[in-house]
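Structure, as structure tokens:
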Amino acid sequence: MPPEAGTPFAELADLTRRLEATTKRLEKRRLIAEFLRRIPRDEVAPAVLIAIGRIFPEADQKALNVGWATLEKALGPTRQARLDARPLTILDVQRAFEGVAAASGSESVRARLRLLQSLLGQASREEKEVLLKSIFGEMRIGVNEGVMLEAIADAAGVSPEAVRTAHMFLGDLGRVAEVALSDGAAGLAAQSLRLLSPVKPMMAELGDDLDEVLKEHGGTTALEFKFDGARIQIHRRGDEVRVFSRRLTDVTESVPEVVEFARTVPAESFLLEGEVVAVDGLGRPRPFQELMRRFRRVHEIEALRREIPLKLYLFDLLYLEGRSLMSAPYRERWAALERLVPREVLAKRLVTSSRERSRRS
DNA sequence: CGCGGCTGCGCC
DNA sequence: GTTCAGG
DNA sequence: CCTGAACGCGCAGCCGCG
């Protein structure tokens, strides 16, 4: 028997074609689950990511730095079909992407181009199409995190809930799939909050009116102002502080005042959630785009810090001194937060029951 | 060597 | 983040 | 009822030109 060369990328391409061909959710799940079960374990993660149009996991700060213009050049004047008889494999593709992402500094544009040309040069027409869609993050095959998550559960014979929870902590569906298939429910259950690594945030849901919300929450609910800012999570362990955006990007360097604040919090380790807002000299809120000028900045942070100060509002505490509060009731987390930080950083807030909707708490 | 342009990317 | 269409 | 898809703007970094 010849040495195992790995699953041809063409098979993954074929899977995406079949996923696109059906609109049935259950059918998609079945197709993906079968595929994941059948391929070698080390191909599971890249296959999952590529199928949902991601090159790298969300919690991974790597990026391809490739878009339309570069791809167009890489596709170039129709390159000749590959001479090599060996088919492109899933792992080949993963390695190529890693190489592209690793390119930086001068000549990096050319390096990326070369790698892409080589990759696309080895790809058949169908494979090219999948590669392009994956690079743009737009697979359009009706499979996104949701369906993939359920498919992973199917493949591993575990509950979608278990997969979802592990995903929250890992921020990497590929890795989640790997764990699920290798170690099943126990492996997933072993995943927990890792301080200094980003956690997938819980999202707010829209309600039509307050009465509906109250009903949903059993008569009492908590209200917060909604700021036109950016949601962040603040991790601290000892002297180390990391700040992540909603999409799990590390923005620590851009928000020194948040880091400074975190160091003043009287605890050794914690995970806070909040919103940063751009303000003017008088502390009045500025438009969102002003905030953006701060957010992705790497140079002259100190200068801009004076021009556009940030104001921090906290609304949740997920971890404190070695203990995860994620399964604790909101009421309890809020109480712990109130004890931990000064009142000024708490988003002014109304705890409301029934008709007392305008009374401040 | 500096500056403007192009390209990619991330937030609401 | 919000809205919309489609299953 | 749910999920997937669509929508725009400013900054950073490299490239290329003068």
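Per chain, numbering begins at 1; letters A, B, ... match sequence-line order.
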Side chain of A:F288 - closest among D:dG16, B:dC11, B:dG8: B:dC11
Do the side-chain N or O atoms of A:T23 get closer than 4.0 angstrom to the phosphate oxygens (OP1, OP2) of C:dG6? no
Between the side chains of A:R18 and A:E27, is the shortest nitrogen-to-carboxylate-oxygen separation below 4.0 Å, so that they form an ion pair? no
Please write out the pairs of protein N or O atoms and N or O atoms of nucleotides 2-5 of chain D separated by less than 3.5 Å, giving the distance to one decimal.
{"residue": "D:dT3", "atom": "O3'", "partner": "A:R25", "partner atom": "NH1", "Å": "3.2"}
{"residue": "D:dG4", "atom": "OP1", "partner": "A:N144", "partner atom": "N", "Å": "3.2"}
{"residue": "D:dG4", "atom": "OP1", "partner": "A:V147", "partner atom": "N", "Å": "3.2"}
{"residue": "D:dA5", "atom": "OP1", "partner": "A:G142", "partner atom": "N", "Å": "3.4"}
{"residue": "D:dA5", "atom": "OP2", "partner": "A:N144", "partner atom": "ND2", "Å": "2.9"}

Interface polar pairs with nucleotides 10-12 of chain D, N/O, under 3.5 angstrom:
{"residue": "D:dC11", "atom": "OP1", "partner": "A:R293", "partner atom": "NE", "Å": "2.5"}
{"residue": "D:dA12", "atom": "OP1", "partner": "A:V298", "partner atom": "N", "Å": "3.4"}

Any carboxylate oxygen within less than 4.0 angstrom of a Lys/Arg side-chain nitrogen, looking at A:D250 and A:R242? yes
Any chance the rings of A:F315 and A:W334 have centres within less than 6.0 Å? no
Please determine if a side-chain N or O atom of A:R231 lies less than 4.0 Å away from the OP1 or OP2 oxygen of B:dC12. no
Let me know the distance between CG of A:L113 and P of D:dG16, rounded to the nearest Å. 11 Å
Under 4.0 Å between any heavy atoms, over every strand shown, what does A:K226 touch: base, sugar-phosphate, or nothing? Just pick one. sugar-phosphate
Specify the separation, in whole Å, of atom CZ of A:R247 and atom C1' of C:dG1. 9 Å
Looking at A:E107 and A:R110, does any basic side-chain N land under 4.0 Å from a carboxylate oxygen? yes
Rounded distance in Å - CZ (A:R114) to P (D:dC14): 16 Å
Between B:dC11 atom P and A:E275 atom CD, what is the distance in whole Å? 12 Å
Expressed in angstrom and rounded to an integer, what is the separation of A:K62 atom NZ from B:dC9 atom P? 14 Å
Where do A:S254 and A:R294 land on the side chain to side chain donor-acceptor pair (under 3.5 Å) test, with the steps shown first? CA-CA 6 Å; A:S254 307; A:R294 284 291 312 271; over 6 Å; no
Is A:E212 salt-bridged to A:K215, cutoff N-O under 4.0 Å? no
Can you see which heavy atom on A:A47 is nearest to which on A:F35, and at what distance? CB-CE2, 4.1 Å
Taking only side-chain N and O atoms of A:T249, does any of them lie within less than 4.0 angstrom of OP1 or OP2 on B:dC11? yes
Is A:E107 touching bases, backbone alone, or none of the nucleic acid, heavy atoms closer than 4.0 Å? sugar-phosphate
Taking the side chain of A:D228 as heavy atoms from C-beta outward, which of D:dC15, B:dC9, B:dC12 is closest to it? B:dC12
For A:L64, which contact category applies under a 4.0 Å heavy-atom criterion: base, sugar-phosphate, or nothing? sugar-phosphate
Separation of B:dG8 P from A:F97 CZ (nearest whole Å): 14 Å
Measure from CZ on A:R54 to C1' on B:dG10 and round the result to the nearest Å. 12 Å
Check ion pair A:E150-A:R29 (N to O, under 4.0 angstrom): yes
By nearest atom, which of the nucleotides D:dC14, D:dG16, B:dC12 is closest to the A:S108 side chain? D:dC14
Rounded to whole angstroms, how far apart are CZ on A:R246 and P on B:dC11? 8 Å
Hey, is A:K133 close enough to A:E20 for a salt bridge, meaning N to O under 4.0 Å? yes
Is it possible for you to say whether A:V44 and A:L12 belong to one hydrophobic cluster, with membership spreading through side-chain heavy-atom contacts below 4.5 Å? yes
